[in-house]
Protein chains: 2
Amino acid sequence: MTSATRTLRARRLEAVALELFTVRGFDHVTVDDLAAAGGVGRRTFFRYFPTKLDVVLGQLDDALAALVDALARVPTTTDPTIAARQAFLQVNAYSPGDEPVLRRRLALIETVPEVAARAAVRYEAWEAALARDAAARWGCPVDELRPQVFARVVVAAMRGVFTVWLASPDAELRSLVVAAFDDLGRGFG
Amino acid sequence: MTSATRTLRARRLEAVALELFTVRGFDHVTVDDLAAAGGVGRRTFFRYFPTKLDVVLGQLDDALAALVDALARVPTTTDPTIAARQAFLQVNAYSPGDEPVLRRRLALIETVPEVAARAAVRYEAWEAALARDAAARWGCPVDELRPQVFARVVVAAMRGVFTVWLASPDAELRSLVVAAFDDLGRGFG
DNA sequence: ACGCTAACTGGCACCGGGTGCCATTCACAC
DNA sequence: GTGTGAATGGCACCCGGTGCCAGTTAGCGT
């Protein structure tokens, strides 16, 4: 099987799974269901996805890679907050056609606690990347309070943005991101 | 069985479980082990703790209640950031004797991904409480961007504080909390 | 002291997610 | 064709979690 076929199957499985999840509800769909619906054996399913939960979060890793990339592109003299803002604006530049899928995904993440939990674990990698970047820009050790807090705070802000965006269909993702980062820059005092 | 006996058993189970977890590692301890070590049936174990994971997070709920309480005590005219700072300082006022236990707990939370995930779910309740409080103080709807971001950001900052505190044995928890909230108030710009 | 009731207990069978093992199949090279 | 390596998927198994139910215990009124 070529790697193109592989990602193809993965995409098929993912699409079918998301469909089933949104229709029947996450925990009323067994892995056997997913495998059968994807025309694949249960054992094979677990070779494509490490976990039932990870089907929902599929491309989060790609997004992380994109984030790291975008951060690296911002000049090292730039302030961490500005840099992070830039990076997130780039990463979240979805084409309008992708937004419905994104909405579905995020809705699942927010609705199903287990999936939310898994997402949180995934976000830790984001936090680590952001902390490293911020520490480099500030010229301080990574394990100091400031970069550690900064990194977690940025990811948290993005979560907040997604929540609000999900709740209000008319809101524009970009402007929410900008507003959130403005708050972070100015401070809440 | 009196409720006093109940919490007593729960405490015993919890203590034994934490011991086993730190010695053998979280996923090399089965629930049967925990039950047996606590001198209790497996089925009964699950009546004390809804999940193996929740054994580690035991008193987080009490802490949440304490937080809500502390927030309610701060005058409504006070700024949300100040109010949250106050509240967290109160909630995290551990007696020196409790710190070792707290350290163990937090270490487990940071080390074992599944536990971290569970903790993240628990923190959502904190975020909701903080968002409600902040919205009330700002006089805006809860579902707006600012309180939503604020709430998540505050919890994130606390997570950062715990991480740093855990990594440096000499650091004082109180001063870290203060420093983190100072950053939030001033902003990172 | 006696029995009644209600709560607590824990065994048992079961489900669903996840893994190791292994025989089979398939694509591709020679 | 034949051999080789990867992908497949069936099978048995482990573990966390739940419903069910029978046995035990604690507390109460009489």
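Naming convention: chains lettered A, B, ... in sequence-line order (proteins, then strands); numbering from 1 in each chain.
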*With sequence neighbours left out, what residues match B:R24 under salt bridge (Lys or Arg N to Asp or Glu O under 4.0 Å)?*
B:D33
Nearest-angstrom distance from the residue atom [atom1] of [X] to [atom2] of [N]:
X      : N      : atom1 : atom2 : value
A:F49  : D:dG9  : CZ    : P     : 14 Å
A:R118 : C:dG18 : CZ    : C1'   : 11 Å
A:E114 : C:dG16 : CD    : P     : 14 Å

*For nucleotides 12-21 of chain D, just jot down a letter per nucleotide in 5' to 3' order: B, S or -, based on protein non-hydrogen atoms under 4.0 Å.*
---SBBBBB-
*asked:* Less than 4.0 angstrom between a side-chain N/O of A:Y48 and OP1 or OP2 of D:dA7, yes or no?
replied: no
*Using the salt bridge (Lys or Arg N to Asp or Glu O under 4.0 Å) rule, take A:R137 and A:D79 through it: C-alpha gap first, then chi angles, then the decisive distance, then the call.*
CA-CA 7 Å; A:R137 290 176 193 281; A:D79 186 81; over 6 Å; no
_CZ (A:R12) with more than 12 external heavy atoms under 6.0 Å_ = no
*Among all residues two or more places apart in sequence or in another chain, which pass the side-chain hydrogen bond (donor to acceptor under 3.5 Å, both in side chains) test with A:T163?*
A:E110, B:R152
*Are A:R159 and B:E127 within salt-bridge range, i.e. N to O under 4.0 Å?*
yes
*Heavy atoms, side chains only, cut-off 4.5 Å: are B:F26 and B:L53 in contact?*
yes
